[in-house]
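Take a look at the structure set out below.
Everything numeric in this text was worked out from a predicted model, so none of it was measured. Quick note: numbers below take in every heavy atom, side chains included, and nothing from hydrogens, waters or symmetry partners.
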Amino acid sequence: GLAASMAILIRPNLAPLAAVLGLWLLWHGDGERRWRTAAVFALAVVPGSLAVAWFQHTLYGSPFASGYGNLGALFSTTHVATNLRQFGQWMIDTQTPLAAAGLAALVAPIGWLWPDRAAWRAAVLLALVTATVWLLYLPYTPFDAWWFLRFLLPAWPALAVGMAALLLRGLGRAGRWGSGAAALAILATGFVTAGRAPALGVYLPGEGERRYVSIAEHVARLTPPNAVIISGQHSGSIRYYAGRDTLRFEVLDEAWLDRAVAWLDAEGRPAYFLLEDWELARFEARFSGQHTHGRLAAPVLAFRAHRVPGLAYLFDPRHRSGPTEQPAPVADPRPRCAPPAGSPRLAAWAP
């Protein structure tokens with residue numbers, strides 16, 4: 001129950017998964033004890049659920065609201081087909097077809113695969129957990145990169161059990177040679193996925209994800225403390241590492257960019273734009289009707305991290321002609337684990 005409570009704190013939309021586990025305890029518990037077990041589980045789930053509800057009510061006015069925007073726009077049945085195709089393809093590409101076979105094994109009514117009642121009941125529970133996780137994310141807004149498979153991580157233990165059962169009980173039926181083949185298949189899967197990882201960018205070269213800290217440090221140096229940074233990809237990291245208020249350009253009305261910049265300036269809150277190179281076209285397309293700021297001019301910062309592709313640009317609407325600062329990439333910036341802005345005590349302990 002406490003583990004489920006923590007999971008809900010991390011991803012509130014996993015609350016139905018806790019309900020599945022609670023109902024399972026109530027249905028398959030031991031006699032009268034099942035009521036007590038289910039009750040204890042439910043009580044342990046409550047702290048995380050209440051914390052999320054209080055947090056979202058405090059920030060967004062409703063326990064069912066979130067910083068991601070309208071739930072109706074985030075979840076739609078029109079997304080199901082796209083996500084089903086993408087998740088399935090990404091799983092096979094990154095985890096080998098054995099992963100998909102492991103999922104299938106959970107719902108396969110094969111006697112030798114789940115030979116006794118206890119094993120069959122375990123398979124049913126794992127299948128319910130997996131199905132719930134998939135049903136929670138199939139209607140979610142589709143993304144275009146394989147690493148969004150992380151949404152399905154709560155189903156990964158079930159997938160692993162299904163895959164192990166399929167290999168060990170399937171090939172193991174052939175005797176000692178079959179067991180050896182199962183072991184080789186497991187080892188081969190590990191080698192294949194480890195070999196694919198570098199090509200997929202799992203082990204980032206050079207500065208890697210530390211670039212977000214470096215960009216925030218430059219933003220903190222080039223902007224006043226009361227600045228508002230209009231951004232997308234960096235909206236969270238700039239708040240955390242630079243201590244600047246941010247506004248996500250994706251949620252700003254298409255007709256309000258010029259007025260937003262003018263209003264912020266009038267309030268003594270100078271606005272800046274911080275965009276990745278792949279966001280430039282999206283930004284200009286969204287605000288194409290804006291007379292002043294709809295088309296970007298020369299940035300005041302063009303940042304390239306050490307051995308990491310892509311550039312990040314900082315634009316100052318008051319200095320549309322630059323000049324553009326292009327700091328040299330630093331091979332190993334320190335500290336690797338940077339503290340949040342305004343935390344001198346944490347800074348003293350940072351490695």
Return yes if some donor-acceptor pair links the side-chain N/O of Arg286 with the main-chain N/O of Glu250 below 3.5 Å, else return no.
-> yes

Mind running salt bridge (Lys or Arg N to Asp or Glu O under 4.0 Å) on Arg282 and Glu276 for me, showing each step along the way?
-> CA-CA 10 Å; Arg282 291 171 55 186; Glu276 293 279 347; over 6 Å; no

Leu257 side chain reached by Phe283 side chain, heavy atoms, under 4.5 Å | yes

Donor-acceptor pair, Asp277 side chain versus Leu311 backbone, under 3.5 Å?
-> yes

Are there more than 12 heavy atoms of other residues, nucleotides or ligands under 6.0 Å from atom CH2 of Trp147?
-> no

Between Asn226 (side chain) and Arg269 (backbone), is there a donor-acceptor pair under 3.5 Å?
-> no

Answer yes or no: does atom CG of Asp332 have more than 12 heavy-atom neighbours from other residues, nucleotides or ligands under 6.0 Å?
-> yes

Quick one: ring-ring contact (aromatic ring centres under 6.0 Å, His included) partners of Phe151, sequence neighbours excluded?
-> Tyr137, Tyr140, Phe143, Phe148

Have Arg244 and Thr223 got a donor and an acceptor in their side chains that come within less than 3.5 Å?
-> yes

Look at the side chain of Thr132 and the backbone N and O of Leu128, then say whether any donor-acceptor pair between them is shorter than 3.5 Å.
-> yes

Do Ser214 and Glu207 have side-chain atoms, one donor and one acceptor, less than 3.5 Å apart?
-> yes

Is the charged tip of Arg318 near the ring of Tyr272: under 6.0 Å from the six-membered ring centre and within 45° of its axis?
-> yes

Got a sec, which pairs hit ring pair (Phe, Tyr, Trp, His ring centres under 6.0 Å) with one end in residues 205-225, sequence neighbours left out?
-> Tyr212-His234, His218-Phe303

Would you say Pro154 and Leu14 make side-chain contact, with heavy atoms under 4.5 Å?
-> yes

Please tell me if the side chains of Pro270 and Pro224 come closer than 4.5 Å, counting only heavy atoms from C-beta onward.
-> yes

Over 12 foreign heavy atoms within 6.0 Å of CZ, Arg196 = yes

Specify whether Phe273 and His293 have parallel, tilted or perpendicular ring planes, treating 30° as the upper limit for parallel and 60° as the lower limit for perpendicular.
-> perpendicular

More than 12 heavy atoms of other groups within 6.0 Å of Trp177 CH2 = no

Does CZ in Phe64 sit with more than 12 non-hydrogen atoms of other residues, nucleotides or ligands closer than 6.0 Å?
-> no

More than 12 heavy atoms of other groups within 6.0 Å of Arg150 CZ | yes

Could you tell me how the ring of Trp27 sits relative to the ring of Trp24: parallel (under 30°), tilted (30 to 60°) or perpendicular (over 60°)?
-> perpendicular

How long is the gap from CG on Asp316 to CG on Leu222, to the nearest 0.5 Å?
-> 9.5 Å

Is the Lys NZ or Arg CZ of Arg259 less than 6.0 Å from the centre of Trp263's six-membered ring, within 45° of the axis?
-> no

Under 3.5 Å donor-acceptor, Trp114 side chain and Ala105 backbone = yes

Examine Trp134 and Ile92 and state if one hydrophobic cluster contains both, with Ile, Leu, Val, Met, Phe, Trp and Tyr joined whenever side-chain heavy atoms are less than 4.5 Å apart.
-> no

Looking only at atom types and distance, does a side-chain atom of Gln290 sit under 3.5 Å from a main-chain N or O of Asp258, one as donor and one as acceptor?
-> yes

Hey, quick one: are Ile8 and Leu152 part of the same hydrophobic cluster, counting side-chain heavy atoms closer than 4.5 Å, chains of contacts allowed?
-> yes

Any sub-3.5 Å donor-acceptor pair from Thr141's side-chain atoms to Leu74's backbone N or O?
-> yes

Could you tell me which residues satisfy salt bridge (Lys or Arg N to Asp or Glu O under 4.0 Å) with Glu325, sequence neighbours excluded, listed by chain and number?
-> Arg221

Glu254 side chain to Phe287 main-chain N or O, any donor-acceptor pair under 3.5 Å?
-> no

Checking Ser231 side chain against Leu274 main chain: does a donor-acceptor pair fall under 3.5 Å?
-> yes

With side chains defined as the heavy atoms from C-beta onward, is the minimum distance between Val124 and Leu106 less than 4.5 Å?
-> no

Side-chain heavy atoms under 4.5 angstrom apart, residues restricted to Ile, Leu, Val, Met, Phe, Trp, Tyr: same cluster for Leu314 and Leu280?
-> no

Please check if the side chain of Arg304 supplies one atom and the backbone of Pro327 the other of a donor-acceptor pair under 3.5 Å.
-> no

